[in-house]
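Note sheet for the following structure.
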Number of protein chains: 2
Amino acid sequence: MTQSNRRAGRAATLTDVARIAGVSIATASKAINGRDEVAPSTRKRVIDAAEQLSFTPNALARSLTEGRSGTVGLLTSDLEGRFVLPVLMGAEDAFGAGAINVFLCDARGDSIREQHHLKALLNRRVDGIIVVGRSTDPRPSLGQDLPVPVVYAYAPSDDPRDASLVPDNRAGGRLAVEHLISCGRRRIAHISGDPTFAAARDREIGVREGMADADLELVGDVLFSNWSEHWGRDATALLLNQHPDVDGIVCGSDQIARGVIETLRDLGRSVPEDVAVVSHDNWETLATNSRPELSSVDANLQQLGRAAATRIFEAIDGVEAPGGVEHLPVRLVIRGSTIARR
Amino acid sequence: MTQSNRRAGRAATLTDVARIAGVSIATASKAINGRDEVAPSTRKRVIDAAEQLSFTPNALARSLTEGRSGTVGLLTSDLEGRFVLPVLMGAEDAFGAGAINVFLCDARGDSIREQHHLKALLNRRVDGIIVVGRSTDPRPSLGQDLPVPVVYAYAPSDDPRDASLVPDNRAGGRLAVEHLISCGRRRIAHISGDPTFAAARDREIGVREGMADADLELVGDVLFSNWSEHWGRDATALLLNQHPDVDGIVCGSDQIARGVIETLRDLGRSVPEDVAVVSHDNWETLATNSRPELSSVDANLQQLGRAAATRIFEAIDGVEAPGGVEHLPVRLVIRGSTIARR
DNA sequence: CTGTTAGCGCTTTCAC
DNA sequence: GTGAAAGCGCTAACAG
């Protein structure tokens, strides 16, 4: 690139290139886009001219004629949320590999703002929209009358006609408890987070199923409150007081698990020898800096984002989206809190 | 919105609106864009027609004629990084308030991919670009010959002609240590992270300046290794062994601080009574779940993002960007690790 | 006030 | 193979 493309304040156009190459703009277009109805020698002249002018094809103009913009909107309700980011990354990644660019819009949990962003995206003629919610609780649908395909990721739409992708928290709960059982634990308790979250309830269901399948029952009631480390500490104290013989704990989140582990240690229980602990989220920073490191269920969020992107891709290509909520597989990452290092 | 805008698979155009309203397309355009050279009654007819067709102005076409796209590119090298997100949010927020939309591009630390994304952004005729780096170490410039303004946020450009915005880590170090001193601490140590990071070195400089100003000297050498909780633990053990009389510790990050606090407690020191601890980053989840909660220096990242957006705004409006690295103020958030609750 | 007429930069028939 | 011409949807003069 030289300063040539700043000359006169505007970028070189196909017309400029055509003129320099001594061909028509139609030919220039074909040459640059690699159509084969162009003589090799001509193509070279055009390419050279384009290079010389550091020509940048105007995607806006191209989109106008082609009817597709090659962009999609990522509509999130809460960028801050720790779960949104991986989904975003996955989607951005999947699209970035192709020729699609992503508009990022954060509604900050405000539906007015969301509506505003939606309109802007539609104005910009995005080819599709991915809505990334902040929790796995259903969120209001954007509606059925949108001119572009929409996929809901992480938070499903409350309208079953929409296509939604969410992590399978129930399977996650089951995975967690089955792991404890396979580690020989029998007196298992469940300390979870905020029960108003679908994630908490779904995981509980999975945990109970896993226990039932092994003909076991949870030690005490499931302890619900919030997703904090503090609660993990308090709940553990409570639990050990009532059920000192507990030998396994499924935690609702890594944060809770951190509190749980710390308190177990404070109260003289060693992890995982006396009590094995498994949690959810697999938040690396928390999980790997814990002592011992946390075994945790990973929701494969990045993959979920990629899946959402794939759905949009397909929908753009005319494949009708199935609709309904699809639960994507999660995976267990085993670390020292359930199996001692040797 | 009805299904009318899906009819024939394409959205209504200004021409459609004009026809229904019984006016020319020029008049329709003026009416919709709120120009005042239109009779109120005419305007109403047009607006009604637009509504009826659920007309969405095609931003692509508009951009094409206007010469500005109303978009900016957010080029990050590492979405995963905990520091780029707040910057992103701030920028998105600042733009979102206006009529500008943001293209998100994650190069994943790969310069080839970055070049690729840059080209795509230029093709899409973004009006400006914000480059968000993953650390405060200088990064390669995108070059001077770009047709749009560029601002570097968090990671400065290595070319002084570029405009860069970074948090003032040196001031942060000073802030941290001055706080400890004002809490009556005199035997202060510094446990930091990876010394290859500019952030670590800048903060150290600030810490030393603050100490020197108070005619004090750091207890022992600054301990460098990495930014982990594990290192915080190890370093603390080391420190207490060599300097059991330490009464204040500046930590390079909240993660380190978590390890430090835990080990202090394990070794029988109470925080903040025996040893006051202050750290950097103010990562809420870590800082507020710690026991006691962490006093920490916040880099005001979101504000930094907003500032970057403002710069781009100005540059788009023709205000020449100053160039050079600007250090943005940081702030200290005081919690229980330096001042005991009463 | 309203309509006509040029484009914006590019792709795409469809002749030559 | 190549080029002329007709748009894509909209805005901006400039006439009426």
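Below, read A as the first sequence line, B as the second, and so on, with proteins coming before strands; counting in each chain starts at 1.
OP1 or OP2 of C:dT2 has not a single side-chain nitrogen or oxygen of B:T27 nearer than 4.0 Å.
Between B:L64 atom CG and C:dG9 atom P there is a gap of 7 Å when expressed in whole angstrom units. At whole-Å resolution of the value, CZ in A:R19 and C1' in C:dG9 are 14 Å apart. The nearest whole Å value for the distance from the CZ atom in A:F55 to the C1' atom in C:dG9 is 8 Å. With rounding to whole Å, B:E66 atom CD is found 14 Å from C:dG9 atom P. The nearest whole Å value for the distance from the CG atom in B:N123 to the C1' atom in C:dG9 is 13 Å. Rounded to an integer number of Å, the gap from B:R68 CZ to C:dG9 C1' is 18 Å. In this structure, CZ of B:R124 is placed 14 Å from P of C:dC10, rounded to the nearest angstrom.
Considering A:L74, A:V132, A:L104 in turn, A:L104 is the only one that fulfils the side-chain contact (heavy atoms from CB on, under 4.5 Å) rule with A:L79.
Donor-acceptor pairing under 3.5 Å is recorded for the side chains of B:D162 and B:S141.
Residue B:R43 is the one, among B:R43 and B:A61, whose nearest nucleotide of DNA chain C lies closer to the 5' end (criterion: closest heavy atom).
Residue contacts shown for A:I25 include a base, since a base heavy atom lies under 4.0 Å away. Backbone-only engagement by A:T42 is indicated by non-hydrogen atom pairs under 4.0 Å involving sugar-phosphate atoms exclusively.
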(request) I would like to know whether B:L328 and B:N300 meet side chain to side chain contact (heavy atoms under 4.5 Å, CB included); could you show each step before the answer? (result) CA-CA 8 Å; B:L328 264 43; B:N300 285 331; over 6 Å; no
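No salt bridge links B:R68 with B:E66; every basic N to acidic carboxylate O contact stays at or beyond 4.0 Å. Using a 4.0 Å cut-off between charged side-chain N and carboxylate O, A:R161 and A:D159 make a salt bridge. In this structure, A:D93 pairs ionically with B:R113, as a charged nitrogen and a carboxylate oxygen lie closer than 4.0 Å. With respect to B:R19 and B:D16, a salt bridge is recorded, a charged nitrogen being found less than 4.0 Å from a carboxylate O. Using a cut-off of 4.0 Å between Lys/Arg side-chain N and Asp/Glu carboxylate O, A:K119 and A:E114 are scored as not salt-bridged.
Using a distance-only test at 3.5 Å, with no hydrogens or angles considered, no donor-acceptor pair links the side chain of B:N58 to the main chain of A:R125. A distance-only check finds no donor-acceptor pair linking the side chain of B:R45 to the backbone of B:P40 [under 3.5 Å]. Looking at A:T65, its side chain does come within 3.5 Å of a backbone N or O of A:A61 through a donor-acceptor pair.
One axis for each end of the helix from C:dC1-D:dG16 to C:dC16-D:dG1, each built from five base pairs, and the angle between them comes to 40° at 10° resolution.
Of the residues in residues 29-41 of chain A, those with a non-hydrogen atom less than 4.0 angstrom from any atom of DNA chain D are A:K30, A:E37, A:V38, A:A39.
The nucleotide range of DNA chain D contacted by chain A, defined by atoms under 4.0 angstrom from heavy atoms of the protein and reported 5' to 3', is D:dG1 to D:dG9.
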